[in-house]
Number of protein chains: 4
Amino acid sequence: MTVHSPEARAGRPTGDDRAAKRDRILDAAERVFAQRGFFTAKVSDIAKEAGVADGTIYLYFKSKDDLLISLFESRMERVNGLLAAAVAGATTPRAKLMAFVTAYVGMIAEQPTAAEVLTIELRQSTKFMREYSAQRFGELLRLLAGVIAEGQAAGVWSDTVPAPHAARMIWGMLDELALAWLLGRDGGGRRGRKPPPSADDGGRKFDIVRAADWVGALVTQGLERRSNV
Amino acid sequence: MTVHSPEARAGRPTGDDRAAKRDRILDAAERVFAQRGFFTAKVSDIAKEAGVADGTIYLYFKSKDDLLISLFESRMERVNGLLAAAVAGATTPRAKLMAFVTAYVGMIAEQPTAAEVLTIELRQSTKFMREYSAQRFGELLRLLAGVIAEGQAAGVWSDTVPAPHAARMIWGMLDELALAWLLGRDGGGRRGRKPPPSADDGGRKFDIVRAADWVGALVTQGLERRSNV
Amino acid sequence: MTVHSPEARAGRPTGDDRAAKRDRILDAAERVFAQRGFFTAKVSDIAKEAGVADGTIYLYFKSKDDLLISLFESRMERVNGLLAAAVAGATTPRAKLMAFVTAYVGMIAEQPTAAEVLTIELRQSTKFMREYSAQRFGELLRLLAGVIAEGQAAGVWSDTVPAPHAARMIWGMLDELALAWLLGRDGGGRRGRKPPPSADDGGRKFDIVRAADWVGALVTQGLERRSNV
Amino acid sequence: MTVHSPEARAGRPTGDDRAAKRDRILDAAERVFAQRGFFTAKVSDIAKEAGVADGTIYLYFKSKDDLLISLFESRMERVNGLLAAAVAGATTPRAKLMAFVTAYVGMIAEQPTAAEVLTIELRQSTKFMREYSAQRFGELLRLLAGVIAEGQAAGVWSDTVPAPHAARMIWGMLDELALAWLLGRDGGGRRGRKPPPSADDGGRKFDIVRAADWVGALVTQGLERRSNV
DNA sequence: CATGAATGAGACTTCATTCAT
DNA sequence: CATGAATGAAGTCTCATTCAT
């Protein structure tokens with residue numbers, strides 16, 4: 001008779017165990033998708049990376065697509081939660097905006113693999129992915145639009161640009177800077193890719209944290225030089 | 001007896017014929033990729049759409065990947081050419097910037113399918129696509145960065161944000177607005193997708209041409225209200 | 001409760017199981033190659049003959065080429081082993097030679113399908129097959145050449161013909177007789193072939209076992225009539 | 001009006017022209033088959049080698065198979081003719097046998113490409129090739145068997161081995177030696193193949209012409225040393 | 001619950017053959 | 001007769017998913 005772990009002895013693992021293994025698979029999928037891309041990644045790659053059997057994946061996820069969606073949900077939940085918390089921690093519209101921006105670039109700097117998956121891989125894929133994407137990014141965009149609208153209502157910001165579109169634009173800046181940084185990092189993008197020859201396109205090895213200031217500057221005053229202010 | 005060109009006399013299609021069929025295949029691929037996505041699209045779908053046999057595709061392109069890359073090159077060449085022409089037709093940095101922005105949104109409005117492929121589908125796919133992408137978008141970004149740098153050098157614009165990164169940010173705004181518009185259109189995104197439930201995220205049915213003004217406004221003065229101007 | 005081996009307990013097939021299925025596929029390939037020829041045989045034919053799914057083949061062999069090579073290796077190993085054993089069981093050079101010859105024709109008589117594949121199909125195919133072929137047949141030829149050389153060294157046989165070439169020649173006789181017999185059998189060659197009209201070419205329905213005597217006679221005394229011996 | 005060659009003026013080429021082009025295609029096929037093997041060779045390769053368009057092949061041959069068969073017929077006709085002539089030029093059975101053998105090895109030495117195709121490539125291929133092969137080689141074998149039978153009838157040779165089988169055996173020797181020589185030549189076998197490592201198997205760089213003596217010796221006296229003769 | 005061997009649908013690609021010029 | 005672009009049937013191989021152990 002062999003000695004068994006408590007869980008095995010009890011006949012079935014606790015919910016915690018189940019959740020933990022699910023997370024292990026999600027983490028593995030994150031790494032594999034970041035490295036190979038969604039379509040190129042094989043389910044068995046993910047299984048190997050997670051240290052489980054191929055079939056086990058299907059005990060936790062309905063399909064490869066479901067795995068992708070679950071990963072997306074999981075990461076966006078985290079992102080949306082952090083951003084909401086950051087915004088909630090500030091008082092004025094300007095402070096809220098900067099909190100949003102700073103929190104986002106901070107997240108990218110700290111979890112580049114997750115960011116890579118969100119920024120690059122998760123946008124591909126199958127048609128129905130697009131819906132989930134729109135929905136979850138919608139949350140993020142509404143949070144940001146709310147901050148803008150608040151500032152416009154308070155008279156702090158001009159309402160030349162409707163708040164939802166202003167939010168899109170700011171998000172676009174952040175996203176593009178994130179993309180540039182992610183692809184510019186050593187080992188960024190997929191493995192084995194040769195570095196692009198040009199170096200002067202702002203795409204390589206800048207400090208992503210500074211991006212917060214750039215966005216702040218552009219939103220605050222545009223590119224204009226205000227000599228008399 | 002009619003006079004024939006040497007090629008016609010020999011019964012051989014002219015170079016023009018060849019190029020025309022190649023273009024027909026590229027156009028078909030554009031539509032199919034826009035509809036199904038690169039990985040999901042089957043070569044035989046493209047052949048059917050182009051009205052040729054499957055094997056014919058391979059007389060013009062080495063592989064499915066090659067077809068994608070060729071499509072990308074073809075469309076980016078067109079885009080880069082138009083943008084460069086637009087910029088060249090303006091004199092001051094501000095005018096050049098607005099020419100760039102206006103030209104881009106105009107292009108999207110007029111050729112949404114092409115835009116969809118460039119904005120959405122062509123960013124996916126295999127690792128080596130990434131390189132091509134970086135290179136060709138780099139051209140576009142360098143053009144824009146040149147305009148910014150010129151304005152900064154002329155003292156028109158602040159150099160708080162380095163020109164290459166400012167270019168990225170402006171591009172990000174445009175790109176995100178384009179994406180929102182493309183996905184928001186009826187029939188935008190892939191067929192068969194259900195419309196996202198939320199309507200207040202700025203993602204639906206706005207006039208993309210107005211985006212030029214929004215970008216102009218944000219770049220010119222940020223979001224700030226200038227009470228004393 | 002029965003006692004299981006570790007593998008059985010884990011629900012995993014034993015190495016024996018794996019080897020057995022591999023062999024089943026090799027046997028199926030042998031039959032299909034013998035019937036259709038390597039290039040004409042479809043992987044799915046082999047799968048059907050083996051009673052497995054198409055994809056299963058690729059769990060055991062890297063490619064169709066690999067399957068061919070593996071089959072060749074497997075059969076040549078068997079042949080070389082048997083011949084070496086036969087030779088080792090004899091003492092004088094003459095006895096060794098006859099043992100070699102007898103063992104080979106015996107093998108052909110008992111396993112005509114395997115012989116057909118070795119003698120006919122496995123000599124075709126891709127360029128790299130040729131190398132394997134040369135190497136494995138080389139083993140066989142060296143064994144035979146060794147016997148000849150031994151007899152020449154012992155003064156039993158003339159060294160008019162260098163041993164390696166004498167070995168080639170003897171092998172050629174055996175091979176040609178084997179080929180004639182294999183093609184002459186009912187059902188020999190590929191299915192569906194019409195019987196050649198001529199019957200007097202020695203190619204049909206003789207007893208392959210007698211070939212051993214013929215080879216023995218020719219090697220021993222040539223065709224000469226020795227009236228005075 | 002342009003000036004035309006006589007044939008063109010006449011509206012159709014002479015039979016000689018047609019035969020000449022057919023031969024050009026056969027020669028090209030011989031080279032391509034020798035280099036790439038029948039199955040691997042593409043019809044368009046042969047067309048290019050022959051300097052004609054792909055479709056032209058089909059004006060002279062019904063199919064790729066037909067081309068192979070025609071090539072085989074053409075070459076075997078030549079071989080059989082030469083051998084028959086050689087035999088006819090000799091008087092005694094022994095002389096006839098040696099004439100046969102000598103003529104054959106001479107042919108190999110002088111036209112190795114043709115020999116390679118006959119000895120190696122033409123034995124592969126489709127099922128119906130086998131019939132043609134049997135038939136044409138049958139001619140050759142019957143010629144040889146006739147010589148043997150004549151010698152046996154004359155009491156020159158023992159009839160231990162029936163003439164048709166003796167013919168097979170002699171042919172087997174020749175064929176195997178030819179094969180060894182062809183594969184052993186530099187550039188023998190298909191291009192790009194690495195040389196087999198072993199050198200002592202008699203397979204490399206011997207003088208094929210000497211093979212005639214070896215066959216003569218073996219047939220005349222076997223391997224036996226005849227001390228008392 | 002976990003395993004991983006087996007499945008088999010389906011994709012890309014090749015190439016012998018045709019036929020309009 | 002000659003051409004060679006076009007055809008499309010067919011084969012190899014991959015990989016998401018299942019299920020017996």
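Within every chain, numbering begins at 1; the chains are lettered A, B, ... in the order of the sequence lines, protein sequences first and strands thereafter.
With DNA chain F read from its 5' end, the first of the two nearest nucleotides for A:Lys42 and D:Gly51 is the one closest to D:Gly51. Each of D:Ala41 and B:Val43 was assigned the nucleotide of DNA chain E with the nearest heavy atom; the assignment lying further toward the 5' end belongs to B:Val43.
Listed candidates were E:dT17, F:dT12, F:dT3. Nearest to the side chain of C:Lys64 is F:dT12.
Residue D:Phe33 holds its CZ atom at 4.0 Å from CD1 of D:Ile46, rounded to the nearest 0.5 Å. A:Thr56 contributes atom OG1, which lies 6.0 Å from atom NZ of A:Lys21 (distance to the nearest 0.5 angstrom). To the nearest 0.5 Å, the span separating CD on A:Glu30 from CD on A:Gln35 amounts to 12.0 Å. Rounded to the nearest 0.5 Å, atoms CD1 (A:Ile57) and CD1 (A:Ile25) are 4.5 Å apart.
D:Arg75 and D:Asp27 are joined by a salt bridge, as a carboxylate oxygen and a charged side-chain nitrogen come within less than 4.0 angstrom of each other.
The residue B:Ala47 sits apart from the nucleic acid: no heavy atom pair falls under 4.0 Å.
Considering only heavy atoms from C-beta on, A:Ser70 comes within 4.5 Å of A:Arg22 through its side chain.
Rounded to a whole Å, the CG atom of B:Asp17 is 13 Å from the C1' atom of F:dA6. The nearest whole Å value for the distance from the CD1 atom in C:Ile46 to the P atom in F:dC13 is 11 Å. Rounded to an integer number of Å, the gap from C:Leu68 CG to F:dC13 P is 12 Å. Protein atom CD1 of C:Ile25 is 12 Å distant from nucleotide atom C1' of E:dA5, rounded to whole Å. One atom, NZ of B:Lys21, and another, P of F:dG4, lie 16 Å apart when rounded to the nearest Å. Spacing between atom CZ of A:Arg36 and atom C1' of F:dT14 amounts to 15 Å, rounded to whole angstrom units. Rounded to an integer number of Å, the gap from CZ of A:Arg22 to P of E:dC1 is 13 Å. Between the P atom of E:dT13 and the CG atom of B:Asp65 lies a distance of 7 Å, rounded to the nearest Å.
Taking the ring axis of A:Tyr58 as reference, the NZ or CZ atom of A:Lys64 does not stay both within 45° of it and closer than 6.0 Å to the ring centre. With A:Tyr60 as the aromatic partner, A:Arg24 does not meet the cation-pi criteria of under 6.0 angstrom to the ring centre and within 45 degrees of the ring axis.
Between F:dG4 and D:Lys48, no contact under 4.0 Å exists linking OP1 or OP2 to a side-chain N or O. When the side-chain nitrogen and oxygen atoms of B:Arg18 are compared with OP1 and OP2 of F:dA5, none of them lie within a distance under 4.0 Å.
For the segment residues 54-63 of chain B, the set of residues with a heavy atom within less than 4.0 Å of an atom of DNA chain F comprises B:Gly55, B:Thr56, B:Leu59, B:Tyr60, in numerical order.
Both key distances under 3.5 Å define a Watson-Crick or G-U pair, and stretches of 3 or more such consecutive pairs in DNA chain F run E:2-21 with F:2-21.
A donor-acceptor contact shorter than 3.5 Å links the side chain of A:Asp45 to the backbone of A:Lys42.
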